[in-house]
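We count ligands from 1, going down the list as the structure has it; atoms in each ligand are counted the same way. Because only heavy atoms are used, hydrogens play no part in the values below, and waters and symmetry mates are left out as well, while side chains stay in.
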Amino acid sequence: MEQASESAAIGQVLLTGDEISSILHKLAGQISTAYADSQKVIVIVLLSGAKVFADNLFALINDDKFKIHYITASSYKNGCKSCGTLELTGLDYISVKGQDVLIVDDIYDSGLTMRGMFNFLKPQNPSTIRTCILLVKQVERSDTIDIDFQGITIDDYFVVGYGLDYNGQYRHLPFIASLQAPSS
Ligand code: IMP
Ligand code: MG
């Protein structure tokens with residue numbers, strides 16, 4: 001991920017609200033089809049970035065068998081792209097044994113967050129684990145996981161809007177934009 005400065009302003013719009021909406025419709029269709037035979041799906045949404053995405057996606061899907069849980073994942077990368085430690089808060093209270101589990105995140109960058117989720121959940125023997133991610137950055141990764149439901153790939157920009165923030169800013173934007181490179 002490119003570093004963003006303290007005073008970064010919004011740069012180029014990468015996805016308009018209408019483009020995001022059509023991605024959500026595509027994902028809603030794929031998810032509904034994939035889980036047509038499931039009675040219950042445990043959805044785990046990673047706060048805070050994925051909340052806007054997940055809430056709008058599951059409003060579209062509109063099926064009570066998707067049981068939505070929110071957890072917090074904070075990563076401390078120690079200056080290294082795909083290493084560091086991940087702190088997960090709220091997962092202990094979700095029972096996944098024998099269940100279909102769907103992890104929902106806003107963006108796939110180094111992959112540390114998703115790898116941490118898998119490492120935590122797999123030993124609890126869920127029936128299936130799938131992933132749904134709105135934005136996948138095109139970056140080199142030493143370790144990758146399969147993304148079952150993928151919105152769109154983007155170049156290696158730091159992006160904001162539609163729930164994604166920069167130091168708490170810009171989550172409210174109804175579109176997704178890159179941050180402007182600092183002028184000096
Ligand atoms: P990963 O663990 O490096 O894959 O990073 C995933 C998490 O980092 C996402 O859930 C986001 O919270 C955050 N993140 C990564 N890239 C961006 C970005 O461009 N904008 C905002 N948040 C980002
Ligand atoms: Mg996140």
Where do Q138 and D156 land on the side-chain contact (heavy atoms from CB on, under 4.5 Å) test, with the steps shown first?
-> CA-CA 6 Å; Q138 285 190 307; D156 188 14; over 6 Å; no
Exercise. Could you establish whether G49 and ligand 1 come within less than 4.0 Å of each other, counting only heavy atoms on the residue side?
Key: no
Looking at ligand 1, does any of its N/O atoms fall within less than 3.5 Å of an N/O of D105?
yes
Counting from 1 in the order shown, the ligand 1 atoms closer than 4.0 Å to a non-hydrogen atom of K137 are 16 (N), 17 (C), 18 (C), 19 (O)
Given 3.5 Å as the limit, does a donor-acceptor pair link the side chain of T33 with the main chain of G29, or not? yes
Check: Does any N or O in the side chain of R141 come within less than 3.5 Å of the main-chain N or O of D109, such that one atom is a donor and the other an acceptor?
Finding: yes
Under 3.5 Å: N/O of V159 near N/O of ligand 1:
yes
Using distance alone, decide if ligand 1 has a nitrogen or oxygen within less than 3.5 Å of any nitrogen or oxygen in D109.
yes
I'd like a table of donor-acceptor pairs (distance under 3.5 Å, sequence neighbours excluded) in which one partner is a side-chain atom from residues 45-63, with atom names and distances.
residue, atom, partner, partner atom, Å
K51, NZ, D55, OD2, 2.5
D55, OD1, Y70, OH, 2.6
N56, ND2, V52, O, 3.2
N56, ND2, Y162, OH, 3.0
D63, OD1, K65, N, 3.0

Quick note on ligand 1: atoms under 4.0 Å from a heavy atom of D165 include exactly 21 (C)
Do any side-chain atoms of residues 123-130 form donor-acceptor pairs under 3.5 angstrom with protein atoms, and if so which ones, sequence neighbours left out?
residue, atom, partner, partner atom, Å
Q124, NE2, F120, O, 3.0
T128, OG1, D100, OD1, 2.6

Note: ligand 1 atoms sitting under 4.0 Å from heavy atoms of G111 are 1 (P), 3 (O), 4 (O)
A student checking ligand 1 against Y157 at a 4.0 Å heavy-atom cut-off should list atoms 19 (O)
Can you check whether V160 has an N/O within less than 3.5 Å of an N/O in ligand 1?
no
Of D106, I176, T153, the one forming a side-chain contact (heavy atoms from CB on, under 4.5 Å) with L135 is I176
Does S38 reach the main-chain N or O of V41 with its side chain, forming a donor-acceptor pair under 3.5 Å?
no
For L164, the ligand 1 atoms with a heavy-atom partner under 4.0 Å come out as 20 (N), 21 (C), 22 (N)
